[in-house]
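Notes for the one structure printed next.
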Amino acid sequence: MANVVIVGTQWGDEGKGKIVDLLTESADTVVRFQGGHNAGHTLVIEGKKYVLHLIPSGILRSGKVCAIGNGVVLDPAALIQEIQELAAQGVAVSQNAFKISSLTNLIMPYHRELDMAREKRKGKGKIGTTGRGIGPAYEDKVARRGIRMGDLFNLQVFESKLRENLAYHNFMLENFYESATFNFEQVRDDYLRMADVLAPYVDDVSWLLAQDIAAGRSILLEGAQGTMLDVEHGTYPFVTSSTTVASSASSGVGIGPTAIDYVLGIVKAYTTRVGSGPFPTELFDDVGDHLGKVGGEVGATTGRSRRCGWFDAVVVSHAARVNGLTGLALTKLDVLDGLKTLKICVAYERNGRRIEIMPSDPSVLEACEPIYEEMPGWSASTVGCSDMNSLPQEARDYIARLEALVGVKVAILSTGPDRKETLILDNPFK
């Protein structure tokens with residue numbers, strides 16, 4: 001049996017949800033290791049659409065255990081809403097099938113208010129956050145004043161932390177941001193009510209995973225966002241507030257790095273980005289419109305349209321290196337159907353100099369121009385192709401060129417939104 005980490009290799013929205021859902025057939029436990037409900041997965045199973053934000057995609061398969069690790073920041077209200085929405089679609093989230101680490105830090109209402117107030121204050125220089133309080137929650141975690149899931153079940157500890165946090169954050173909200181403040185009793189009572197709902201799910205996720213490993217059960221570790229949004233290795237400061245790369249999976253769930261057997265990088269056949277920040281291959285023409293429209297490039301969480309561009313091999317090569325990728329899952333190949341010519345960014349140019357590795361300075365990346373290779377497109381449909389030989393030769397050539405540029409083989413190929421429209425060339429669990 002194997003333990004597999006799944007990460008995004010671009011700016012997120014690569015289609016991780018579908019691949020996680022697909023691979024849960026081979027996994028016993030699926031765990032989310034970072035991020036919050038600023039991420040979203042859209043899944044289509046037998047024509048039925050599901051949108052998930054916090055609960056791992058494995059919840060849609062019976063007999064699987066899904067968990068939220070300690071590396072996640074959790075909005076209890078958002079989680080309860082997601083559980084209720086799944087129940088309305090006939091998916092029961094039982095305490096046996098779903099677990100929450102007691103060490104998971106909570107998103108509080110003042111985190112959301114701070115998030116929005118900061119973006120408003122920055123004006124044109126805003127990061128482009130979702131406004132859901134993710135960054136401020138991670139700040140409190142690192143500042144050692146965060147409120148964790150387990151704190152809700154110790155009234156003295158919870159009240160003490162909440163009073164201290166409200167004194168600090170209300171002062172900043174009122175005097176610096178000129179924003180709304182929060183009442184202690186109201187916040188306390190709201191969170192205690194939600195604690196009663198979520199109590200059956202709270203457990204020691206690290207210990208549960210240790211039991212899985214000892215018993216030889218397979219674990220799928222699911223990340224949110226993508227490598228270029230990593231707070232360490234992404235296009236800082238236009239990033240998320242957590243470490244999105246594979247190395248954070250261990251600390252984000254509480255297992256050792258030696259327990260990880262395979263790192264699968266999800267990569268879109270082109271590139272998209274949501275929010276502000278440099279994007280060298282961004283398109284503002286008919287091709288960009290085609291990618292956005294045919295690819296359905298609208299955020300599942302925010303409803304924001306994604307910026308679209310050609311495949312950037314500099315970005316994905318960077319992701320392959322910092323994640324230690326074992327294989328790639330290539331998604332949305334079918335979106336390129338019908339394009340006469342395809343372009344791949346193989347390097348950047350700035351002031352007459354060729355750049356082949358990701359610049360660490362976002363102002364340098366902003367000034368870079370993409371250097372493209374062109375390849376012929378294909379007119380035949382690739383949707384639902386049952387094997388590689390049934391793909392147009394031009395599509396196979398395109399895939400082979402991406403593999404050569406990135407230095408990692410494609411293990412999984414997605415040719416449509418449905419679970420069935422996928423080719424598994426090399427199963428990470430085998």
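Remember, predicted model here, so these are calculated numbers, not experimental data. Position 1 is the first residue of the sequence; numbering continues from there.
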Looking only at heavy atoms, which two atoms of S414 and K18 are closest? And how far apart?
OG-NZ, 2.7 Å
If you measure only the distance, is there a donor-acceptor pair under 3.5 Å linking the side chains of H169 and D140?
yes
Whether R132 and D115 form a salt bridge (side-chain N of Lys/Arg under 4.0 Å from carboxylate O of Asp/Glu) is what I want to check.
no
Test side-chain contact (heavy atoms from CB on, under 4.5 Å), reference L365, set V314, I355, T235, V315, output is T235
Looking at R193 and D196, is any side-chain nitrogen of the basic one under 4.0 Å from a carboxylate oxygen of the acidic one?
no
Basic-acidic side-chain contact under 4.0 Å: K409, D426:
no
Over 12 non-hydrogen atoms of neighbours within 6.0 angstrom of NZ in K49:
no
Pairing of K268 and D13 as salt bridge, 4.0 angstrom limit
no
Those residues that, when tested against S360, pass side chain to side chain donor-acceptor pair (under 3.5 Å) (two or more places apart):
none
Just do the side chain to side chain contact (heavy atoms under 4.5 Å, CB included) check on T9 and L325 with the steps written out, would you?
CA-CA 9 Å; T9 61; L325 296 183; 3.8 Å; yes
Side-chain donor-acceptor pair under 3.5 Å between D312 and T281, yes or no?
no
Under a 3.5 Å threshold, yes or no: a donor from one side chain and an acceptor from the other, between N96 and S94?
no
Under 3.5 Å, which donor-acceptor pairs do the side chains of residues 197-204 form with other protein atoms, sequence neighbours left out?
{"residue": "Y201", "atom": "OH", "partner": "V93", "partner atom": "O", "Å": "3.0"}
{"residue": "D204", "atom": "OD1", "partner": "S206", "partner atom": "N", "Å": "3.3"}
{"residue": "D204", "atom": "OD1", "partner": "W207", "partner atom": "N", "Å": "3.0"}

Determine whether more than 12 heavy atoms belonging to other residues, nucleotides or ligands lie under 6.0 Å from atom CG of D286.
no
Run the side chain to side chain contact (heavy atoms under 4.5 Å, CB included) check on I219 and L209 step by step: do they pass?
CA-CA 8 Å; I219 303 169; L209 296 180; 4.0 Å; yes
Cation-pi check, R118 to Y177: give yes when NZ or CZ is under 6.0 Å from the six-membered ring centre and within 45° of the ring axis, no otherwise.
no
Should R217 and D212 count as an ion pair when the cut-off is N to O under 4.0 Å?
yes
Would you check if L264 and L328 make a side-chain contact, meaning some heavy-atom pair closer than 4.5 Å?
no
Lys/Arg-Asp/Glu bridge criterion (N-O < 4.0 Å) met for E222, R32:
no
For the residue pair F158 and Y191, does the interplanar ring angle fall in the parallel (under 30°), tilted (30 to 60°) or perpendicular (over 60°) class?
tilted
Does the pair R273/E297 count as a salt bridge with the N-to-O cut at 4.0 Å?
no
Would you call K64 and D28 a salt bridge, using N to O less than 4.0 angstrom?
no
Output the distance between atom CD1 (I55) and atom CD1 (I83), rounded to the nearest 0.5 Å.
5.0 Å
Keeping to residues at least two apart or across chains, list the ring-ring contact (aromatic ring centres under 6.0 Å, His included) pairs with something in residues 244-271.
none
Keeping T104 on the side-chain end and S101 on the backbone end, is there a donor-acceptor pair under 3.5 Å?
yes
Once the angle between the rings of F279 and W11 is folded into 0 to 90°, is it parallel (under 30°), tilted (30 to 60°) or perpendicular (over 60°)?
tilted
One pair to check against side chain to side chain contact (heavy atoms under 4.5 Å, CB included): L402 and F311. What are the steps and the verdict?
CA-CA 9 Å; L402 300 188; F311 186 93; 3.6 Å; yes
Walk me through whether K16 and S57 qualify under side-chain hydrogen bond (donor to acceptor under 3.5 Å, both in side chains).
CA-CA 9 Å; K16 294 183 293 297; S57 310; over 6 Å; no
With no hydrogens and no angle check, do the side chains of Q81 and E85 hold a donor and an acceptor under 3.5 Å apart?
yes
